[in-house]
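Structure, as structure tokens:
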Amino acid sequence: MTGTLQESGGGAMSSLETVPRAERRPGRWLALGVLVLAVLLVAVDATVLGLATPYISEDLRPSGTQLLWIGDIYSFVIAGLLVSMGSLGDRIGRKRILLIGATAFGLISVLNAYASTPATMILARALLGVAGATLMPATLALIRNIFQDPRERSLAVGVWGAMASAGTAVGPIVGGLLLEHFWWGSVFLINLPVMVLLVVIGSRTLPEFRNPDPGPWDTPSVLLSLVGMVGVVYAVKEGASHGFTWPATLVGLVGVAALYGFVRRQLTLPVPLLDMRLFRRRGFSGAVLADLLTVLGMSGLVFFLSQFLQLVQGRRPFEAGLAELPAAVGAVVAGLVAGAAARRFSVRGVVSGGLAAVGVALAALAVLDRTTGYPLIGVALLVVGVGAGLSFTVTADVILSSVPKHQAGAASAVSETAYELGAALGIALLGSVVTGVYRGFTGPPGTPAAAHESLGGAVEAAGSMPRAAGRALLLSAREAFVNGLSLAVAAGAAVLLAAALAAWFLLKDQRLHTT
């Protein structure tokens with residue numbers, strides 16, 4: 001396989017011709033602006049789901065298990081398809097797959113908005129995962145292709161990460177305003193104008209890149225990857241929620257076998273879907289592992305914080321969205337300076353320091369109770385944002401810099417797979433901790449079973465009970481929820497501190513290129 005790229009309209013070019021032309025590309029920053037629209041599309045969707053969860057619980061009345069599925073089925077599907085879609089983008093064109101995926105993402109958001117049953121909502125989230133799997137790998141791969149200068153690429157990756165963080169801020173604020181004036185489905189419809197803008201401008205400004213000698217897209221590898229990832233994550237989720245029953249164990253074994261078959265097949269194919277030799281590079285493997293553990297450890301806080309702010313502390317949706325703003329602000333600022341900091345100090349110092357900061361902040365939040373004041377919450381969230389922004393930006397740069405341009409799609413997909421797998425496992429494990437502790441609360445006589453399924457269900461049940469009994473129910477349910485959240489956040493802190501230690505050793509001697 002050659003290391004050159006084919007650009008639409010220009011034919012095949014030698015590597016000596018490609019690099020200077022890419023460095024001089026006058027529209028590269030405008031192209032980056034289009035790419036971050038796709039990042040915003042995904043980030044806003046992820047954050048508004050957490051904000052809308054109490055309303056979805058009240059309207060659709062999902063069980064506790066269904067509520068977790070609504071939260072994590074997107075991550076299950078996207079984790080299973082990211083590698084396949086990243087490789088497909090290398091083959092058919094990264095611009096093409098980005099525009100197709102963005103269109104599908106916007107249209108499927110409408111199905112999310114008008115879901116009328118928990119099952120329909122779960123299906124809509126799964127389909128959104130299929131579309132979402134095309135977006136993130138394509139954006140990072142195009143950054144790798146468009147920005148050949150290492151310093152410019154570091155800044156572009158920082159902007160990419162900063163806009164993802166900005167999306168997590170915009171999502172709750174806009175979503176909060178919508179939830180105060182419209183029904184919960186409106187928060188998904190805000191994807192439509194972003195999708196239209198992305199497709200219209202992107203079709204005119206984005207260059208096309210593809211691997212000129214990609215080989216066939218191996219369908220058995222695609223199926224093995226999907227079955228393996230979904231099977232393993234499902235088994236972990238079910239095991240954490242209900243113990244490792246025979247059905248869950250069997251599904252997990254099938255998933256492990258499929259992943260083993262996937263790896264073996266990649267090692268034998270002349271042109272694999274994913275080049276497994278990438279993992280022999282310590283920097284690449286260390287960056288991927290750091291991303292996975294970071295997201296896993298933060299998932300309990302990310303998924304349940306909105307419920308805590310609204311259903312425990314009684315904040316309005318818009319106020320809850322503003323309360324989460326410091327994390328996004330910290331991540332935006334840190335993302336823009338992360339590359340320069342890694343060059344001035346060291347990659348492992350910036351990544352490990354960022355992860356340790358997140359771990360300490362999560363440990364501080366583990367003391368949350370129903371009356372915790374906002375100053376502690378706000379400062380802790382700011383530190384979480386700064387630490388995560390430093391770590392994610394530098395690890396993304398390490399991953400992109402570790403591979404040739406023609407493998408950028410597959411490498412970006414590995415990075416995003418680690419992120420989504422970490423989110424799925426985090427929601428499954430830490431979410432199950434919260435749910436397990438919550439379900440054990442003791443309510444007053446006459447407490448309906450639905451109140452034990454979710455905090456939203458308890459709030460709704462309390463409204464239909466006598467005043468004294470309703471207050472007793474809410475007090476007990478909120479206390480159980482906070483206890484579960486504190487335990488999950490403490491576990492997340494331990495995971496982040498372990499990730500910081502691992503990154504310190506795995507990223508030893510790793511450097512970002514300067515030329």
Side-chain angles (χ1 to χ4, degrees), residues 40-74 102-129 131-132 167-197 302-325 427 448 450-451 453-464 470 474 477 481:
L40 283 172
L41 197 68
V42 176
V44 168
D45 178 81
T47 52
V48 297
L49 176 65
L51 200 66
T53 294
Y55 298 87
I56 294 173
S57 298
E58 180 180 353
D59 190 19
L60 302 186
R61 301 174 184 266
S63 66
T65 299
Q66 287 176 321
L67 189 61
L68 285 177
W69 273 110
I70 290 172
D72 61 23
I73 187 62
Y74 173 85
T103 302
F105 198 95
L107 295 177
I108 297 170
S109 295
V110 178
L111 180 60
N112 281 259
Y114 291 98
S116 58
T117 65
T120 305
M121 190 65 181
I122 292 170
L123 174 62
R125 298 296 297 171
L127 293 176
L128 203 65
T168 65
V170 171
I173 293 172
V174 175
L177 286 174
L178 291 172
L179 288 170
E180 290 185 10
H181 298 91
F182 304 99
W183 99 113
W184 58 263
S186 62
V187 300
F188 296 105
L189 296 181
I190 60 177
N191 290 335
L192 290 177
V194 180
M195 178 271 290
V196 171
L197 190 62
V302 170
F303 189 69
F304 289 101
L305 181 62
S306 290
Q307 295 182 62
F308 171 80
L309 294 171
Q310 294 178 74
L311 300 181
V312 176
Q313 294 199 328
R315 301 177 190 270
R316 295 180 296 109
F318 178 67
E319 185 183 359
L322 287 178
E324 298 180 37
L325 188 59
I427 293 174
E453 292 294 331
S454 68
L455 185 55
V459 172
E460 182 179 359
S464 61
L474 284 179
F481 181 86

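- Partners of Phe182 by ring pair (Phe, Tyr, Trp, His ring centres under 6.0 Å), not counting sequence neighbours: none found.
- Residues satisfying the side chain to side chain contact (heavy atoms under 4.5 Å, CB included) test with Ala131, not counting sequence neighbours, are Ala104, Phe105, Ile108.
- Looking only at side-chain heavy atoms (C-beta outward), Val312 and Leu455 come within less than 4.5 Å of each other.
- Under the rule for a side-chain hydrogen bond (donor to acceptor under 3.5 Å, both in side chains), Thr103 has no partner lying at least two apart in sequence or in another chain.
- At a threshold of 4.5 Å between non-hydrogen side-chain atoms, the residues Asn112 and Arg125 count as touching.
- Annotation: the span from Leu111 atom CG to Leu123 atom CG amounts to 6.5 Å, rounded to 0.5 Å.
- Between Tyr114 and Trp183, the two ring planes are tilted [angle within 30° to 60°].
- Partners of Leu60 under the side chain to side chain contact (heavy atoms under 4.5 Å, CB included) rule, at least two apart in sequence or in another chain, are Ile56, Pro62, Pro118, Met121, Trp184.
- Interatomic distance, Phe188 CZ to Leu128 CG, rounded to the nearest 0.5 Å: 8.5 Å.
- Residues satisfying the side chain to side chain contact (heavy atoms under 4.5 Å, CB included) test with Leu192, not counting sequence neighbours, are Val110, Leu189, Met195.
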